[in-house]
Amino acid sequence: MQILRVAWAAAGAAVCLLVVMWVHSHFLEEGQLAAGTCEIVTLDRDSSQPRRTIARQTARCACKRGQIAGTMRARPACVDARIVRTRQWCEMRPCLEDEGCDLLVNRSGWTCTQPGGRVKTTTAL
């Protein structure tokens, strides 16, 4: 009787695994992102100027309805579209936890200030 229970449990687990694999293969094609996720596609750094590094990155996002590609905790993320429309960049929490966020005067981006005084400036295209 014990062996029969183990066999049924193993069969149930195998069927569940097959269903999950089937759903994944039919709804997520290879290279397709899950809803609400982002990935960095390109990252270019230019350190030719002293004391200054210019970095440009391109991200690919699959955002849910009402969201748009943005930045959260210094990583690409899907954020509320209202934040981008109103250019209230600091509302998406783009800086790391120990950094302070300030909008640029013309609201074209934001700065993240580290405790030691180092400033990272980000401009939105």
Side-chain angles (χ1 to χ4, degrees):
M1 193 64 160
Q2 184 90 0
I3 294 174
L4 188 59
R5 285 185 184 166
V6 171
W8 274 109
V15 168
C16 186
L17 179 65
L18 288 173
V19 169
V20 167
M21 289 173 58
W22 178 82
V23 168
H24 184 270
S25 68
H26 280 75
F27 292 105
L28 287 178
E29 301 295 324
E30 178 134 0
Q32 189 176 11
L33 296 174
T37 62
C38 295
E39 69 179 1
I40 296 174
V41 178
T42 61
L43 177 61
D44 300 316
R45 291 185 187 271
D46 177 8
S47 299
S48 60
Q49 299 178 7
R51 297 177 44 102
R52 186 174 188 183
T53 299
I54 299 171
R56 289 181 181 88
Q57 78 177 20
T58 304
R60 185 174 77 127
C61 296
C63 298
K64 297 176 182 175
R65 183 168 299 212
Q67 292 184 325
I68 194 165
T71 303
M72 187 175 293
R73 299 286 179 230
R75 305 279 309 153
C78 293
V79 298
D80 186 356
R82 176 194 54 80
I83 293 170
V84 177
R85 271 197 316 271
T86 60
R87 297 177 162 252
Q88 295 297 320
W89 308 113
C90 290
E91 284 186 32
M92 64 183 173
R93 299 186 315 269
C95 303
L96 297 174
E97 281 208 30
D98 62 338
E99 298 174 336
C101 181
D102 290 306
L103 287 175
L104 295 177
V105 175
N106 62 2
R107 295 170 77 179
S108 64
W110 63 91
T111 60
C112 295
T113 308
Q114 295 177 344
R118 183 175 173 191
V119 176
K120 294 184 291 184
T121 303
T122 304
T123 54
L125 297 176

Point to revise | Path from Ile83 to Leu104 over hydrophobic side-chain contacts below 4.5 Å | key: no
Point to revise | Sequence neighbours excluded, every pair satisfying ring pair (Phe, Tyr, Trp, His ring centres under 6.0 Å) that has a member inside residues 52-71 | key: none
Practice item. Would you tell me whether Cys61 and Cys38 have their SG atoms within less than 2.5 Å of each other? Key: yes
Exercise for review: Please name all residues satisfying side chain to side chain donor-acceptor pair (under 3.5 Å) with Glu91, sequence neighbours left out, ordered by chain then number.
Suggested key: Arg82
Point to revise | Sequence neighbours excluded, every pair satisfying ring pair (Phe, Tyr, Trp, His ring centres under 6.0 Å) that has a member inside residues 85-119 | key: Trp89-Trp110
Check your understanding: Are the gamma sulfurs of Cys101 and Cys90 separated by less than 2.5 Å?
Key -> yes
Review point. Is there any ring pair (Phe, Tyr, Trp, His ring centres under 6.0 Å) pair reaching into residues 38-69, and which pairs are they, with sequence neighbours excluded?
Key: none
Review point. Of all heavy-atom pairs between Arg60 and Val41, which one has the smallest distance, and what is that distance?
Key: CB-CG2, 3.5 Å
Residues 63-75 side chain polar contacts: donor-acceptor under 3.5 Å, at least two apart:
| from | atom 1 | to | atom 2 | distance (Å) |
| --- | --- | --- | --- | --- |
| Gln67 | OE1 | Lys64 | N | 3.3 |
| Arg73 | NH1 | Cys95 | O | 2.8 |

Practice item. Starting at CD of Gln49, measure out to CD1 of Ile54 and round the result to the nearest 0.5 Å. Key: 4.5 Å
Review point. Closest heavy-atom contact between Ile40 and Thr42?
Key: CG2-O, 3.6 Å
Point to revise | side-chain hydrogen bond (donor to acceptor under 3.5 Å, both in side chains): pairs with one or both residues in residues 94-107, sequence neighbours excluded | key: Glu99-Gln114, Glu99-Lys120, Asn106-Ser108
Practice item. Quick one: pull up CD in Gln57 and CG in Asp44 and give me the separation to the nearest 0.5 Å. Key: 10.0 Å
Practice item. Report yes if the side chains of Thr53 and Asp46 come closer than 4.5 Å at any heavy-atom pair, otherwise no. Key: no
